[in-house]
> 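Here it is: the structure, laid out below.
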Amino acid sequence: MAIELEKAYDSKKTEDKIYKLWEESGFFDPDNLAQDAKEPFVIMMAPPNVTGSLHMGHALENTISDILIRWKRMKGFRTLWLPGTDHAGIATQNVVEKELRKQGQSRHQLGREKFLEKVWEWKEIYGNIILEQLKKLGVSADWSRTRFTMDDDYRRAVEAAFVHYYGKGRIYRGERVINWCPRCRTSLSDLEVEYKEEAGKLWYIKYSLAEDSRFQIPDSKFIVVATTRPESMLGDAAVAVNPKDKRYKNLIGQKVNLPLVNREIPIIADSAVDMKFGTGAIKVTPAHDLLDAEIAFRHNLPNYQVVGEDGKMTEKAGEICRGLTTKECRGKVVSLLEELELIERIEDYVHNVSVCSRCGNVIEPLLSKQWFLKMDELAQYAIDAVKNKKVKIIPKNFEKPYFDWLNNIKDWCISRQIWWGHQLPVWQCKCQTGRISNLAHQKPEDIFVVSSVKPKQQCSKCKSHYERVFDVLDTWFSSALWPFATLGWPFGVAQGKPGDLERFYPANIITSARDILNLWDARMIFSGMEFMGKSPFSHLIIHATILTKEGKRMSKSLGTGIDPLDLIERYGADALRFGLIWQMMGHQDIRWDETAVVAGKKFANKLWNASRFVLGRIPEDAKLKIPPLASMTLAKRETDEAGKKILREALKTRKQVEKHMEKYQFGHALREIYDFFWHKYCDVYLEESKKLDDNHIVLVGVLAESLKMLHPFMPFITEEIYQKMPLQEKTLLMIER
RNA sequence: GCGCGGUUAGCUCAGUGGUAGAGCGUUCGCUUGACAUGCGAAAGGCCAGAAGUUCGAUCCUUCUACCGCGCACCA
């Protein structure tokens with residue numbers, strides 16, 4: 001009786017079965033790999049957010065990582081691929097808020113504690129769905145080491161990092177103009193702000209010169225400033241011109257009367273003013289504009305905070321505007337100015353509006369007391385790591401945006417006013433009597449205690465115990481610790497696996513999307529340098545972005561997204577992986593083309609049927625021993641010419657594939673195997689072999705070799721076929737050398 | 001404004017200083033004893049435009065146009 005394969009390959013029947021076989025083997029865990037395994041090879045999974053389900057970006061990223069880890073595992077390395085999920089502060093909070101809104105509730109109605117319970121509930125239900133989806137894709141990560149960025153020991157690591165930075169003077173509390181999202185009610189870092197082009201207006205407003213002017217005014221008794229945000233004039237502290245601007249030379253040092261507010265403010269000279277913009281004279285609103293705040297700092301001007309954290313005008317905006325939204329206030333201010341005939345003209349003006357990357361609402365820059373991480377030295381660590389080739393960024397093009405960001409970096413605003421996240425390990429007493437200076441770099445010990453445990457002492461004034469502040473950390477602060485906090489830093493043990501940190505830090509590879517190059521990758525690098533004294537990985541692969549066929553961004557809300565699970569359902573995981581990698585040529589973005597997955601399914605079918613043909617010629621009870629292919633080409637008598645030819649071609653293919661793999665050119669590697677298997681092995685040799693009788697060893701040998709080469713790309717079907725092969729000393733293809 | 005990437009078959013993309021390739025699609029044959037998810041054949045390209053280097057350019061250089069992306073401005 002010959003070995004018989006079913007007529008058609010059924011991915012649905014096979015994939016779950018094979019995955020279970022792998023999981024039960026324990027070989028995803030490096031501790032279960034052979035004792036003679038080579039040095040470790042480690043990949044840290046970019047932990048997906050607990051908010052969502054698998055999208056094409058995840059599918060590509062994790063297929064790449066899986067190919068690498070399977071390839072290295074088969075080469076005998078002690079492979080660890082560490083998976084997990086990220087709590088994703090604002091993103092997750094927003095998703096849960098959205099759910100609440102459907103039930104007519106808001107988080108404020110629920111209150112902080114109840115709301116957090118809801119988020120945890122949500123996390124328990126949906127948090128691991130994406131990991132289950134990754135299993136469908138064939139991901140061979142070590143699930144016994146799965147981590148979540150809010151696991152208890154991870155939380156303690158985050159707190160330890162904060163305390164460490166604070167102790168070194170790298171963390172300070174300061175009052176600065178920061179990006180504020182009135183909808184999320186929180187501060188944001190510069191990287192969490194996006195820009196949207198908007199057709200707006202540029203208003204030219206006349207500010208009348210104050211009566212006591214000592215100088216003669218050339219043409220009019222006004223100075224005209226141009227602004228896109230007239231409502232912010234209520235908070236103006238000065239008018240600024242460029243010191244080189246001859247038009248205003250005589251006005252510097254004079255005062256103007258701020259309309260509507262009736263406040264006398266000076267005309268100052270500052271070289272930050274662009275003479276070409278508007279009239280060359282600008283209004284300075286220190287509390288609501290970063291550049292204005294810098295100018296105000298240089299000239300020692302006061303702040304007038306006229307927009308509040310709710311995005312509405314404050315007391316300081318005056319009786320008429322208080323409580324209005326900024327938009328309402330704009331209309332009000334403009335109409336009042338028009339009545340007073342203080343608007344010289346209005347121009348159409350296209351400009352970029354800053355919006356919250358998480359909710360899309362317009363950002364209000366405002367003066368706020370926040371916690372910052374000093375970036376000067378840390379940025380230098382990150383720069384040096386890449387310059388000194390401790391970290392290789394692939395492709396090299398991405399070094400430039402990386403260096404650009406680090407070279408122009410500002411201190412990182414790490415505190416957030418949302419509820420879901422790591423609370424700052426900062427404690428405060430009830431009376432909060434300490435005064436906070438506007439100056440940065442001042443240590444606020446007088447009112448705050450920074451500690452990972454609750455301070456025992458009481459406040460000397462109010463006699464109350466210190467309570468933890470509500471602010472939480474930027475979610476990326478904790479993600480930045482991922483490569484070592486997951487392995488047990490700083491307490492030595494994670495998930496009951498002692499020694500992991502010593503054995504598996506640093507990782508070899510991180511694969512990430514380009515949009516988190518600075519948000520995540522750069523921050524992991526300096527965090528690794530700071531806490532471990534070593535960069536956290538040696539290779540950073542920035543993978544392609546998958547676009548729609550029209551070249552547009554895939555987006556769930558626009559309905560342009562494609563669901564990888566749907567493709568797995570229709571074509572099988574191997575076909576999807578094939579399709580993804582088939583299109584991954586160089587590092588070019590991918591305009592998604594489903595026909596590549598069709599090709600993958602056809603190839604799987606070809607593979608199956610070729611195997612069916614080969615195995616169908618071999619008795620069920622055979623126990624073949626395949627000599628190394630190279631030796632078979634030399635065995636003159638046993639092997640015919642056609643056999644020698646296909647053997648030589650197999651060896652050549654293997655060499656080419658290896659070459660491409662070393663360069664992370666997976667698309668090329670896959671095409672090499674495809675072409676060899678289909679057009680050389682099947683089209684030529686299999687047909688040839690029909691005329692011959694006694695060539696089982698070559699037939700089976702080349703088939704086995706093909707399965708091995710292909711396994712990292714299409715793991716399920718290759719394992720399934722391999723398990724049916726009548727070989728001596730057979731284990732799982734997954735760990736075959 | 002600065003920078004990066006792209007422009008090759010109907011579609012999605014490889015590629016090379018000297019006759020241009022794949023997958024998918026299309027047309028025409030084939031129920032050949034693994035596979036019709038297949039086999040055999042075929043049609044289909046001034047390799048974005050211009051100039052230069054070269055004996056020779058799709059490939060190298062420069063410029064232009066268009067598409068995508070990042071950064072800056074965004075007062």
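Chain identifiers are assigned alphabetically (A, B, ...) following the order of the sequence lines, protein sequences preceding nucleic acid strands; residue numbering begins at 1 within each chain. In this text the structure is predicted, and so the values were computed from the model without any measurement.
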> Between A:Tyr9 and A:Arg612, is there a cation-pi geometry (under 6.0 Å to ring centre, at most 45° from the normal)?
no
> What is the distance, to the nearest angstrom, from the CG atom on A:Asn397 to the P atom on B:rG6?
8 Å
> Within 45 degrees of the axis of the six-membered ring of A:Trp203 and under 6.0 Å from its centre: does A:Arg229 put its NZ or CZ there?
no
> What's A:Leu686 touching, base or sugar-phosphate or nothing? Going by heavy atoms closer than 4.0 Å.
base
> Using the C1' atom on both, measure B:rU61 against B:rU54 and round to a whole Å.
12 Å
> Can you tell me, in whole Å, how much space there is between the P of B:rA43 and that of B:rA51?
32 Å
> Rounded to whole Å, please give me the gap between CG in A:Asp589 and C1' in B:rG70.
12 Å
> Between B:rA57 and B:rG5, how far apart are the two C1' atoms, rounded to whole Å?
22 Å
> Is any side-chain N or O of A:Lys196 closer than 4.0 Å to OP1 or OP2 of B:rC74?
no
> Take atom P in B:rU37 and the same atom in B:rA50, then report the distance between them in whole Å.
45 Å
> Answer yes or no: does atom NZ of A:Lys680 have more than 12 heavy-atom neighbours from other residues, nucleotides or ligands under 6.0 Å?
yes
> Which whole-number value in Å describes the distance from A:Glu194 CD to B:rC71 P?
9 Å
> Which part of the nucleic acid, if any, lies within contact of A:Thr228, taking any heavy atom under 4.0 Å across all strands shown: a base, the sugar-phosphate backbone alone, or nothing?
sugar-phosphate
> Could you check A:Tyr9 against A:Gly551 and say which one's nearest nucleotide on RNA chain B is further toward the 5' end?
A:Tyr9
> Take the protein atom CG of A:Asn605 and the nucleotide atom C1' of B:rC39, then report the distance between them rounded to whole Å.
13 Å
> Please check this pair: side chain of A:Thr548 against backbone of A:Lys552, looking for a donor-acceptor N/O pair closer than 3.5 Å.
yes
> Do A:Lys602 and A:Phe578 meet the cation-pi criteria used here (NZ or CZ under 6.0 Å from the six-membered ring centre, within 45° of the axis)?
no
> Contact class for A:Lys606 vs. all strands (heavy atom < 4.0 Å): base, sugar-phosphate, or nothing?
base
> With a cut-off of less than 4.0 Å, is there a side-chain N or O of A:Lys552 near OP1 or OP2 of B:rG68?
yes
> Expressed in whole Å, how much space separates the P atoms belonging to B:rG15 and B:rC67?
25 Å
> Within the structure shown, what part of the strands sits under 4.0 Å from A:Asp274 by heavy-atom distance: base, sugar-phosphate, or nothing?
base
> Between B:rG6, B:rA75, B:rC69, spot the one nearest the side chain of A:Arg514, thanks.
B:rC69
> Output the single nucleotide from B:rC11, B:rA75, B:rA34 whose closest atom is nearest the side chain of A:Glu687.
B:rA34
> By nearest atom, which of the nucleotides B:rC69, B:rA75, B:rG3 is closest to the A:Lys400 side chain?
B:rG3
> Got a minute to check which stems RNA chain B is part of, using Watson-Crick or G-U wobble pairs under 3.5 Å, three or more consecutive?
B:1-7 with B:65-71, B:10-13 with B:21-24, B:26-30 with B:38-42, B:48-52 with B:60-64
> Between P on B:rA72 and CH2 on A:Trp405, what's the gap in Å once rounded to a whole number?
11 Å
> Which nucleotide in the list B:rC11, B:rA14, B:rC74 gets nearest to the side chain of A:His668?
B:rA14
> How far, in whole Å, is B:rC47 from B:rA9 if one measures between their P atoms?
10 Å
> Using only atom types and a distance under 3.5 Å, with no angle test, would you say the side chain of A:Asp411 pairs donor to acceptor with the backbone of A:Met375?
yes
> Quick one: which of B:rG68, B:rA34, B:rA75 gets closest to the side chain of A:Asn609?
B:rA34
> With a 4.0 Å cut-off on heavy atoms, is A:Ala604 in touch with a base, just the backbone sugar-phosphate, or nothing at all?
nothing
> Any protein N or O atoms within reach of nucleotides 23-29 of chain B? Criterion: under 3.5 Å, listing atom names and distances.
from   : atom 1 : to       : atom 2 : distance (Å)
B:rG23 : N2     : A:Asp593 : OD2    : 3.4

> For the pair made of NE2 in A:His351 and P in B:rA72, what is the distance, rounded to whole Å?
17 Å
> Output yes when a side-chain donor or acceptor of A:Thr314 lies under 3.5 Å from a complementary backbone atom of A:Gln305, and no otherwise.
yes
> Can we call the ring centroids of A:Phe603 and A:Tyr674 under 6.0 Å apart?
yes
> Apply salt bridge (charged side-chain N to carboxylate O under 4.0 Å, His left out) to A:Asp566 and A:Arg570, showing your working.
CA-CA 6 Å; A:Asp566 171 58; A:Arg570 280 157 53 213; 2.7 Å; yes
> Need to verify one output field. Residue with the more 5' nearest nucleotide on RNA chain B, A:Val614 or A:Asp292?
A:Val614
> Is the shortest side-chain heavy-atom distance between A:Lys13 and A:Glu6 below 4.5 Å?
yes
> May I ask you to verify if any side-chain N or O of A:Arg229 is less than 4.0 angstrom from the OP1 or OP2 atom of B:rA75?
no
> What's the gap between B:rG45 and B:rU8 when it is taken at their C1' atoms, as a whole Å value?
7 Å
> Counting side-chain heavy atoms from C-beta on, which of B:rC35, B:rG6, B:rA34 comes nearest to A:Lys7?
B:rC35
> Which listed nucleotide (B:rG70, B:rC74, B:rA75) is nearest to the side chain of A:Tyr195?
B:rC74
> Looking at the side chain of A:Asn352, which of B:rA14, B:rG68, B:rA72 is the nearest nucleotide?
B:rA72
> Which nucleotide in the set B:rC74, B:rG70, B:rC35 lies at the smallest distance from any side-chain heavy atom of A:Leu291?
B:rC74
> Looking at side-chain heavy atoms only, is the closest gap between A:Leu60 and A:Ile590 below 4.5 Å?
yes
> Could you work out the separation of B:rG17 and B:rC59 based on their P atoms and round it to a whole Å?
11 Å
> What is the distance, rounded to the nearest whole Å, between atom CD of A:Glu6 and atom P of B:rU37?
18 Å
> In this structure, how many angstroms lie between the P atom of B:rG70 and the CD atom of A:Glu197, rounded?
13 Å
> Please evaluate residues A:Tyr402 and A:Phe398 with respect to the criterion ring pair (Phe, Tyr, Trp, His ring centres under 6.0 Å), reporting the C-alpha separation (whole Å), side-chain torsions for both, the decisive distance (0.1 Å), and the verdict.
CA-CA 6 Å; A:Tyr402 176 83; A:Phe398 287 104; over 10 Å; no
> Does the distance from a Lys or Arg side-chain N to an Asp or Glu carboxylate O, for A:Arg247 and A:Asp245, drop under 4.0 Å?
yes
